[in-house]
Every structure is written in C-alpha cells, then in structure tokens.
Amino acid sequence: KRVLMHGWSLDETGRAMHKSLGNVVYPEEVFRKYSRDALRWYELQCTPWEDLKFSMKEVGEVYRALKIMWSVYHFASLYMNLDRFSPSRYTLDSVKEYLQPEDRWILSKTQALVKRVTEAMENLHIHELARALREFIVEDVSRWYIKLIRRRTWIESEDPSKYAAYATLYHVLLTFLKLAAPIMPFITEKLYQDMFRPADEKLPESIHMCDWPSPIEGLIDEDLMKCMDEARSIVEAAMSARQSARIKLRYPLSELVVVSNSSEVKRAVEVFRSIICEQANVKRVKVVPLSEEVNYVKLKVELNYSILGPKLKSKLKDVASVISSLNPLDVKRSIDEKGYFEVDVCGEKVKLSKDDLVIIREVAEGYASSKFDAGTVYLNVKLTEELIAEGLAREVVRRLQEMRKELDLPIDAYVDAYVAVGNKKMLDLLKTMEWYILREVRIKELLLTPSPPYKAAYEKLWRIDGEEFRMGITPL
C-alpha cells in the first residue's frame, strides 16, 4: 500500500559512484567487512528523503554498536544460565515487589521506546526508529542499566532482587528484538533462537513471527525517567571531577556534594541515592542550595584596573590595598544584594560596582568540581590509606566471587583461598582488609602472599591497576 524510497547513494564527498572514478562500493564488500545487518542499520538511520553520502567509517561505527548489542545479550545469557533463570517461573508479575528503582526505570524506558518506534514506523520515519534503537541498546541498556545491576548478578544465593533484575532484563531484551527485527533481521533471529527459544518453548518459531509489541502504559513512569536523567548527569559530572583530579574510579571517596536549587535534582538524589553513590563510588551524597556553595569555593577579589584606573587615578593603590584586606565573601554578598560595594579610603567613601571588580572563584582545597545542567558537583578528593585499601579489597572480592560462581558453588559453601601479588604496598593494604575479604567470599583460611603458596583447585590470573594478581580457591 505504501512504499518508502530513499535518494541517491553517493560517495563520501557527494559524488555519484562510477567505476571510472574508482569510488564504487559493492554491497558484498561491506558484508564481508561489517555484515548485512550493519549495512542495513546504517542505511536505515539516514534520512530517506536526502541523498546518502556513503561512509565506510560510519558503517564501522554501526558495526561497533552491533557488537555492543551482542555483548549485552551474551552477558544476560551467561548469568541467566549460571543462575538457572526460568522466565516462566520468574515473570515480571511474580517479582513485582522486588523490582528496584533502576528496574522500573528501564521498564519505563522500554515501553516509551515501543511507543516511539511504533509511531515512527507508522509515519514512515524509519531513520528515527533506527536511531532510537541504537541509543536505547547502547546508552540506556549497555552503558547504564547493565552497570547498575552487575553487582546484583554476583549474588550467589536465590536472591529475589537478582531474579527481579533477570526478569526485567529478559523482558527488555525480548521486546527490543521484536522492535529491531525489521531493521536487522539476521542477528535478531540468531539471538532469538539461541537465547529465547530454549528458555520458552511456547514462543513463536521465529522472531519474525512474533506479534509487534504494544506499549504497557502501566509501566511508563515519566517522573522516574526524569529523575534518572538527573542522576546520570550527576554521576557524569562526578566522573568528570574525578578525571580532573586524576583519581581512578576504583578508589572510594568520602563525599559528593551537589549544589543546586532544583527540586528535580533533590528528588533525583532521594530516589537514586544508592545508585549515585555506587556509580560515583562515594560514601555519601548530599544536595545543598546555591547559597551554601561558598563552603566549597575560595573567592578572590581584584580590581578591574582598565575601568578603575582612569576613574580613581591616585586613589587606585589605596583602594586596592583596602580590597585585599577584606573578606572576599563580604564583597561578593554586597555586590549580589546591593549591586555595589562601598569602601572607605582616607575618610572618603568609594562605591565599586560589579564592573569595577573581578571576582575569581577557585575550588576549595581537597575538592574537585564539575558542572551539569542543573548545578555543580563538588567531590571530596582526599584519599586516605583506608579508602585506598577498601577500593583494592573490593576489586579482589569481586574477582574471587566471580571464581566461586564459575565453580557453581552453593551460597553456603566455604573455601580456602590465596591472593598473591608482588607489589608490597598493595599486599600490605590488602592485609588491613583481610577481615572483609574473609567475610564477603566465605573463606576459612586466606593467605595473602607475594607468590602463590600452593596449588589450589581453581586458579586464575587477574590484572588490577596494572599489577598481576594470582588467586586460587579450593572448595571445602
């Protein structure tokens, strides 16, 4: 009934493709290098009523998005299989009371995506839906939701919050496949047959035989999605502050201060406080109004000599001397409230306007800062030995828990273990956190040594912060 036709396919510079010009790109060449689905997804992202300036580099970028997508499904399949997740047993309804805020957020985003893609498809705006699918699977799922639930997937017991995450992810990924099937028919069919059909025999024979998803309005929460947008902005700003201070993410920091008068920011921190703390790796986060920002900055007031020189002439030196002796905060407060600051020079009152002064703001010592749309974050970057040791111990625990999971050990099973690292400083730091490693990994006897002390039942080489760590565990 309707046919959508694209414009001409041109080379990257906008010239027509001709053999004589040597700029012809054959589809088979792209298939071999990047796959059929990558070419389809790339071309369908281009606005159809404009000529396509074909770029092999941009096809490569789409191919990287495909690989990210594949990694998401591989992650889900790996952990769901390890924990014997059954979609028929753990339905969304059955785990509803255990859904975390991040689960409800991604479910809301998924339903919003269904509405957006459906509308774009009906209006023949195929480029919009192709771009929306890419943004969702790369930014919302891979780079955010997977990071938020990763720690829950490490829980060894039949924890209901872990299975709530699996049920959520199963629903999200199956819905995404149905939406993406017309755009990339081959990879969606492959993932459907390998991951979803074995888990649920009642599903249709092919992804292309599934019904088109209808949005579940009850799962859409606009307020929650806005809160998460703010939370992500805060985390991104905290990451930027860390980078400016050159402090790696694995080191926990004591405090993140969010300066903002926005009620939405305050609400976002209330709802997603634990997520902000975990993703920014800080002990606590608090929101303060703009009026309290002075506690995290150093102010310095100088004269604007280009303006005041001709006005004050011989008095300039005396005014500069008086200004340098005052509290910069008092000067700024007067400028903000009155629009001027008055100084007494040799019995004469001199009014200085905002233009007459230069107020320099510097971040207070021990803090790093970064701005986001609704405010500024101040990150306490004072690293103590205790914080460094805790960060290292967490990295070791995570790897030992991964090894336990690979051995398929019961939650209550104890092990003997060793951690060997040649770096003496790292070894000494780990020894201060021995109690933590023993508790978190259920270890009876733990040896922290410069070299492997014995042959364990299961051993693995890990790299943490550029150093080699050899770890071994033996089930008891």
Side-chain angles (χ1 to χ4, degrees), residues 230 233-247 253-270 273 276 280 282-384:
E230 294 292 353
S233 296
I234 291 169
V235 170
E236 287 168 8
M239 294 299 187
S240 178
R242 262 188 189 269
Q243 192 172 12
S244 68
R246 297 185 178 181
I247 297 178
L253 295 172
S254 61
E255 183 180 53
L256 176 65
V257 180
V258 182
V259 179
S260 178
N261 284 340
S262 167
S263 59
E264 290 180 352
V265 168
K266 188 175 181 181
R267 169 71 175 153
V269 172
E270 289 173 357
R273 184 181 302 276
I276 295 170
V282 294
K283 295 290 188 180
R284 59 185 175 274
V285 58
K286 68 176 181 179
V287 181
V288 300
L290 287 171
S291 59
E292 294 185 27
E293 188 172 18
V294 292
N295 298 322
Y296 306 98
V297 296
K298 290 189 299 182
L299 296 179
K300 187 178 179 182
V301 179
E302 296 180 351
L303 300 184
N304 188 336
Y305 289 96
S306 63
I307 292 178
L308 287 178
K311 288 166 60 176
L312 298 179
K313 297 180 181 177
S314 62
K315 299 175 187 175
L316 185 65
K317 189 175 180 181
D318 293 331
V319 172
S321 178
V322 172
I323 287 293
S324 65
S325 67
L326 298 173
N327 184 342
L329 185 57
D330 293 335
V331 178
K332 184 179 184 304
R333 188 178 292 118
S334 178
I335 292 290
D336 291 341
E337 293 174 359
K338 302 177 184 178
Y340 67 89
F341 183 76
E342 193 171 68
V343 295
D344 191 316
V345 180
C346 301
E348 183 180 345
K349 300 289 185 181
V350 177
K351 278 187 177 182
L352 301 173
S353 69
K354 182 179 180 181
D355 293 336
D356 295 331
L357 301 170
V358 177
I359 299 177
I360 302 168
R361 295 160 53 98
E362 296 177 352
V363 179
E365 187 177 350
Y367 285 89
S369 76
S370 181
K371 292 186 177 294
F372 66 105
D373 287 346
T376 306
V377 301
Y378 290 88
L379 187 64
N380 188 325
V381 293
K382 295 172 186 173
L383 262 180
T384 64

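Every value quoted in this text rests on a predicted model; they were computed, and no experiment measured them.
Listed by chain and residue number, K266, R267 satisfy the side chain to side chain contact (heavy atoms under 4.5 Å, CB included) test with E270 (two or more places apart in sequence, or in another chain). In this view, S233 satisfies the side-chain hydrogen bond (donor to acceptor under 3.5 Å, both in side chains) rule with no residue, not counting sequence neighbours. Not a single side-chain hydrogen bond (donor to acceptor under 3.5 Å, both in side chains) links R273 to another residue, sequence neighbours left out. Residues passing the salt bridge (Lys or Arg N to Asp or Glu O under 4.0 Å) test with K371, sequence neighbours excluded: none. For D318, the salt bridge (Lys or Arg N to Asp or Glu O under 4.0 Å) test picks out no residue, with sequence neighbours left out. Considering only residues two or more places apart in sequence or on other chains, S262 meets the side-chain hydrogen bond (donor to acceptor under 3.5 Å, both in side chains) condition with none of them. Residues meeting the salt bridge (Lys or Arg N to Asp or Glu O under 4.0 Å) test with D336, sequence neighbours left out: K332. Every residue meeting the side chain to side chain contact (heavy atoms under 4.5 Å, CB included) condition with S244, not counting sequence neighbours, appears here in chain and number order: A368. In this structure, K382 has no salt bridge (Lys or Arg N to Asp or Glu O under 4.0 Å) partners at least two apart in sequence or on a different chain. Residues meeting the side chain to side chain contact (heavy atoms under 4.5 Å, CB included) test with N261, sequence neighbours left out: P289, L290.
A distance of 10.0 Å separates CD in E293 from OG in S291, rounded to the nearest 0.5 Å. Rounded to the nearest 0.5 Å, atoms CG (L352) and CD (E342) are 9.0 Å apart. Rounded to the nearest 0.5 angstrom, L253 CG and R284 CZ are separated by 11.0 Å. Of the inter-residue distances, the one linking E236 atom CD with S370 atom OG reads 9.5 Å to the nearest 0.5 angstrom.
Closest approach of D356 to K351, counting heavy atoms only: OD2-O, 4.1 Å. Across every non-hydrogen atom of S260 and V287, the tightest pair is O-CG1, 4.2 Å. Nearest heavy-atom pair, S306 versus N304, reported as atom, atom and distance to 0.1 Å: OG-OD1, 2.8 Å. The two residues V377 and A238 have their closest heavy-atom pair at CG2-N, 3.9 Å. In terms of heavy-atom proximity, A268 sits nearest to I276 at O-CD1, 4.4 Å. Scanning both residues, L357 and V301, for their nearest heavy atoms gives CD2-CG1, 4.1 Å.
N380 places no side-chain N or O within 3.5 Å of a backbone atom of S254 that could act as its donor or acceptor partner.
Comment: E292 does not engage K286 in a salt bridge, judged by the lack of any side-chain N to carboxylate O separation of less than 4.0 angstrom.
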Taking only distance into account, with no hydrogens and no angle test, what donor-acceptor pairs under 3.5 Å do side-chain atoms of residues 320-328 form with protein atoms, sequence neighbours excluded?
residue : atom : partner : partner atom : Å
S324    : OG   : A320    : O            : 3.3
S324    : OG   : S321    : O            : 2.8
S325    : OG   : V322    : O            : 2.6
N327    : OD1  : L329    : N            : 2.9

Under the criterion side chain to side chain contact (heavy atoms under 4.5 Å, CB included), I'd like the reasoning laid out for L379 against V282: C-alpha separation, chi angles, the key distance, then a yes or no. CA-CA 9 Å; L379 187 64; V282 294; 3.6 Å; yes
Walk me through whether R361 and L299 qualify under side chain to side chain contact (heavy atoms under 4.5 Å, CB included). CA-CA 5 Å; R361 295 160 53 98; L299 296 179; 3.5 Å; yes
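By the neighbour-count criterion of 12 heavy atoms within 6.0 Å, atom CG of N295 is densely surrounded, having more than that number from other residues, nucleotides or ligands.
Annotation: ring-ring contact (aromatic ring centres under 6.0 Å, His included) contacts involving residues 289-342, sequence neighbours excluded, comprise Y296-Y367, Y296-Y378.
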